[in-house]
Structure formats: C-alpha cells, structure tokens
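Accompanying notes for the structure given below.
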Amino acid sequence: MSEARTAPEDVRRVACIGAGVIGGGWAAHFLARGYDVTAWDPAPDAEPRLRRLVDAAWPALVQLGLAPGASPDRLTVTATLEEAVSEAQFVQESAPEKLDLKRELLTKLDMATPAGVVIASSTSGYPMTDMQTEAVTPGRLVVGHPFNPPYLIPLVEVVGGEHTDRAAVAWASRFYEEAGKSVITMEREVPGFIANRLQEALWREALHMVANGEATVREIDLSITEGPGLRWAFMGPMLTFALAGGEGGMAHMLDHFGPSLKSPWTRLEAPELDRALYDAVVAGCEDASDGRTIADLVAERDQGVIQILRATGRLPGPGTR
Ligand SMILES: NC(=O)C1=CN([C@@H]2O[C@H](COP(=O)(O)OP(=O)(O)OC[C@H]3O[C@@H](n4cnc5c(N)ncnc54)[C@H](O)[C@@H]3O)[C@@H](O)[C@H]2O)C=CC1
Ligand SMILES: C[N+](C)(C)CC(=O)CC(=O)[O-]
C-alpha cells in the first residue's frame, strides 16, 4: 500500500470529512498552510457554515502568516464523500463522536480513498482499534487528535490501532509537522490519549466541586486563569512542580509534598508513590530540563508569566498598582 503514498513534504491536496467546529478548523489550517482542500459534510447548510468558519478564522491566520499562495478560494466543497477524497493525498475525518458512525464512515473512506493514502480521525477519545474493525485496509487508519481551534493550537496527538501500520503512524506525524503542527506520536493506545486524559481529570474534579456546592463555575475558571494556567502555557505540570522543590527540584518536591497525594483532596485514587515512580518522575524532570538549571527554569517561568500577562492585557503599566 505504501508505494502509492505521497511524501509528506509533497502533499498538495487534503480532504476534510465532516466540517463542523473541528473539520472547519482543520480546513482553515490547511488552507492557510497553502494546501488545496476538498471538504464533504452531509448537512444541508454545510458549505455556507464552513465558508463562514474559514472567513472568521482568516484574519487570525493572516496575522500568523500565510504560506505562499494560501487562499480560502482553494477550498472546494463537494457533493459526495467520494469526490472529496478522490484526489486527496491525506484525509482528516472530523465527524460526530459516535463509535458506530466513525466505524462506518472510516470503512467508507477506506473504500473510496486512493490506495496508500493515510486517513486520520480527529476523535477525542476512541481508540483506533475500536474504529478500524470493518476496514478493508485498516493499516492506513490513524488517530490525529487536534485541539480547538486546530488553526491556532499546535498540538496533534498521533496514534495507531492494533491493525495500523507503523509506517502510517510515522507518515502522519511527519505530515502534520510539515503542515506546521506540534506532534506527539504515541507508541500505544492510552484512553483519552495524553492531553485529554489530563484535561478530563481536571474537569472531573471541577464537576465534583460544582455538584457538591464546593466551588462555583466562576471560581473554578478563575482558579486556573489567574493561577496554574498562566504557568502551563509555557511550562508543563511536571517542570512547574519541580520548581516547587526550590533548589532541590523534583526530588525535594516529592519528599516534601508526595505524602499529600494520599490526602483526600481528590476524588480520583492516587497512584502509589513507590521508588520506581519517584525515580521516573525525578529522572523525567531532569531529562525535560534539557540541561537548564533550576535557576534557568525559574527565570524562564517568570518571563513566561510576564509575557502572558502582558499579552492578555493583565500587566499593570508603569506606576500603576
Ligand atoms: N469540539 C472540540 O473541541 C473537539 C472535537 N474533536 C473531535 O472532532 C470530531 C468532530 O467534532 P466537532 O467538530 O466538535 O463536531 P460538530 O458537531 O461541530 O461537527 C460534526 C460535523 O460532522 C457532520 N457529520 C454528521 N454526520 C456525518 C457523517 N456521517 N460523515 C461526515 N460528517 C458528518 C455534521 O454535519 C457536522 O458538521 C469528533 O470526533 C470530536 O471528538 C477533537 C478535538 C476537539
Ligand atoms: C472537549 N473535548 C474532549 C472534545 C476536547 C478535546 O478533545 C480537545 C480540546 O480541544 O481541548
């Protein structure tokens, strides 16, 4: 199959199947990156809705910088799924999150798309193993999980299913990078991938607090936007917490605060903080530091917070309080 696969850097035409919030966002992204985009969506008002979405995104994309020749005019909305994929060199499926629908649609796409072309699903949580069950050539089906809106948030999580060829996963990751995305290629299927697993844990706790009258929706949002969210935009939760250990870094943080994992702060069960987990977290933080000292990371974090406060108009001007 892979002999018919265009090299990731030579892809010119992408098909977006399903053109709602995410399919439309993908279309805007690929158009801005200079691809020809064909789209298909069964809704009667799909075309005007999609064109409105692309037009609304375009000013932001102009600010970010367009690829040479990029234009919304290079979007074609087709009457059938078959027309949309007939000349595509990559297919991004963004239909509703329903397992039966995804399974049936991916099977149809597999039959209609030229041999070897990789087909990615935007699913926010279904394992590809569960979606590729009916496909004739499941080896080319991958998950390419984006974040809303796909034309602004860089991350895509790429992972195959049990019947996906490793070459298809590698190809998809290289293609997304070529298309300007920031890619995590996952070696195995994990429920919720990485980012949604983390987001859902946070959201679950938030819903518990609302349900129990412990915090309001406003307080929950404020607790993130005025708190940890400012740091997370440029430093993830691991290195952020390594800095909570001062000069002792993550090892001191775990010695100091590790026991509180067992405190009833969370309604999720805490993992056992045994030696293997302790060593993996400390070593992982050292690795993620890329040679930066704790002092370097503190300076980087402080600059990052200042830039975000400035960018969001929340930094007091000189002389103001
Ligand atoms: N909304 C979000 O924040 C995110 C959503 N996703 C995933 O993206 C996918 C799409 O979600 P949204 O864009 O939010 O949904 P949406 O409801 O905005 O759009 C879905 C589109 O699919 C079309 N559609 C319905 N049946 C179809 C079929 N059989 N074949 C093709 N298209 C069909 C609908 O007409 C609609 O335009 C889902 O798998 C979702 O989990 C992934 C990341 C973020
Ligand atoms: C709400 N959601 C689970 C569909 C969100 C995502 O999948 C990713 C995102 O945009 O946060």
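As the structure lists them, so they are numbered: ligands from 1, and atoms in each ligand from 1.
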> Based purely on interatomic distance, does Ile22 place a nitrogen or oxygen under 3.5 Å from a nitrogen or oxygen of ligand 1?
Replying inline: yes
> If you group Ile, Leu, Val, Met, Phe, Trp and Tyr by side-chain heavy-atom gaps below 4.5 Å, do Met128 and Val159 land in one group?
Replying inline: yes
> Taking NZ, NE, NH1 and NH2 as the nitrogens, is one of them in Glu178 or Arg174 under 4.0 Å from a carboxylate oxygen of the other?
Replying inline: no
>> Which of the numbered atoms in ligand 1 are under 4.0 angstrom from any heavy atom belonging to Gly20?
In response: 13 (O), 18 (O), 19 (O), 21 (C), 37 (O)
> Do NZ/NE/NH1/NH2 and the carboxylate oxygens of Arg231 and Glu300 come within less than 4.0 Å?
Replying inline: no
>> Below 30° counts as parallel, above 60° as perpendicular, anything between as tilted: where do the rings of Trp26 and His29 land?
In response: perpendicular
> Which protein heavy atom lies closest to atom 25 (C) of ligand 1, and at what distance to 0.1 Å?
Replying inline: Pro96 CD, 3.4 Å
> Which heavy atom of the protein is the closest neighbour of atom 23 (C) of ligand 1, given with residue, atom name and distance?
Replying inline: Asp41 OD2, 3.1 Å
>> Below a 4.0 angstrom heavy-atom separation, can you tell me which part of Ile153, side chain or backbone, both or neither, approaches ligand 2?
In response: neither
> Looking at CD1 of Ile224 and CG of Leu202, how far apart are the two atoms once the value is rounded to the nearest 0.5 Å?
Replying inline: 5.0 Å
>> Is Glu93 close enough to touch ligand 1? Criterion: a residue heavy atom under 4.0 Å from a ligand atom.
In response: no
>> Just so I know, are the side chains of Tyr126 and Val143 near enough to count as touching, which here means a heavy-atom distance under 4.5 Å?
In response: no
> Which residue supplies the protein heavy atom nearest to atom 4 (C) of ligand 2, what is that atom called, and how far is it?
Replying inline: Ser124 OG, 3.6 Å
>> Counting only nitrogen or oxygen atoms and a 3.5 angstrom limit, does Glu200 reach ligand 2?
In response: no
> Taking it one step at a time, do Phe30 and Phe90 satisfy side chain to side chain contact (heavy atoms under 4.5 Å, CB included)?
Replying inline: CA-CA 11 Å; Phe30 290 128; Phe90 175 69; 4.1 Å; yes
> Is the shortest heavy-atom distance from the side chain of Leu106 to the side chain of Gln132 under 4.5 Å?
Replying inline: no
>> With a heavy-atom distance limit of 4.0 Å, tell me whether Val21 approaches ligand 1 through its side chain, its backbone, both, or neither.
In response: both
>> When you compare the side chains of Glu87 and Thr38, does any donor N or O come within less than 3.5 Å of an acceptor on the partner?
In response: no
> Is Glu97 close to ligand 1, meaning an N/O of one under 3.5 Å from an N/O of the other?
Replying inline: yes
> Which part of Gln199 is near ligand 2, with near meaning a heavy atom under 4.0 Å away: side chain, backbone, both or neither?
Replying inline: side chain
> Does some non-hydrogen atom of the protein lie less than 4.0 angstrom from atom 15 (O) of ligand 1?
Replying inline: no
> Parallel, tilted or perpendicular: which describes the rings of His145 and Phe193, with under 30° parallel and over 60° perpendicular?
Replying inline: tilted
> Looking only at protein heavy atoms, which one is nearest to atom 9 (C) of ligand 2, and how far off is it?
Replying inline: Phe147 CD2, 3.4 Å
> For atom 3 (C) of ligand 2, what is the nearest protein heavy atom, given as residue, atom name and distance?
Replying inline: Asn196 ND2, 3.6 Å
> Are any non-hydrogen protein atoms located under 4.0 Å from atom 6 (C) of ligand 2?
Replying inline: yes
> With a 4.0 Å cut-off, would you call Arg103 and Asp100 a salt bridge?
Replying inline: yes
> Trp40 heavy atoms, cut-off 4.0 Å: which ligand 1 atoms fall inside?
Replying inline: 30 (N), 31 (C)
> Where's the contact between Glu104 and ligand 1, heavy-atom distance under 4.0 Å: side chain, backbone, both or neither?
Replying inline: neither
>> What I'd like to find out is whether the side chain of Asn196 reaches to under 4.5 Å of the side chain of Phe147, using heavy atoms alone.
In response: yes
>> Below 4.0 Å, non-hydrogen atoms only: which portion of Pro42 touches ligand 1? Side chain, backbone, both or neither.
In response: side chain
> Which heavy atom of the protein is the closest neighbour of atom 10 (O) of ligand 2, given with residue, atom name and distance?
Replying inline: Asn148 N, 2.9 Å
> Which protein non-hydrogen atom lies closest to atom 3 (O) of ligand 1, naming both residue and atom, and how far is it?
Replying inline: Asn148 CB, 3.5 Å
> So, does Glu97 sit close enough to ligand 2 that a heavy atom of it is under 4.0 Å from the ligand?
Replying inline: no
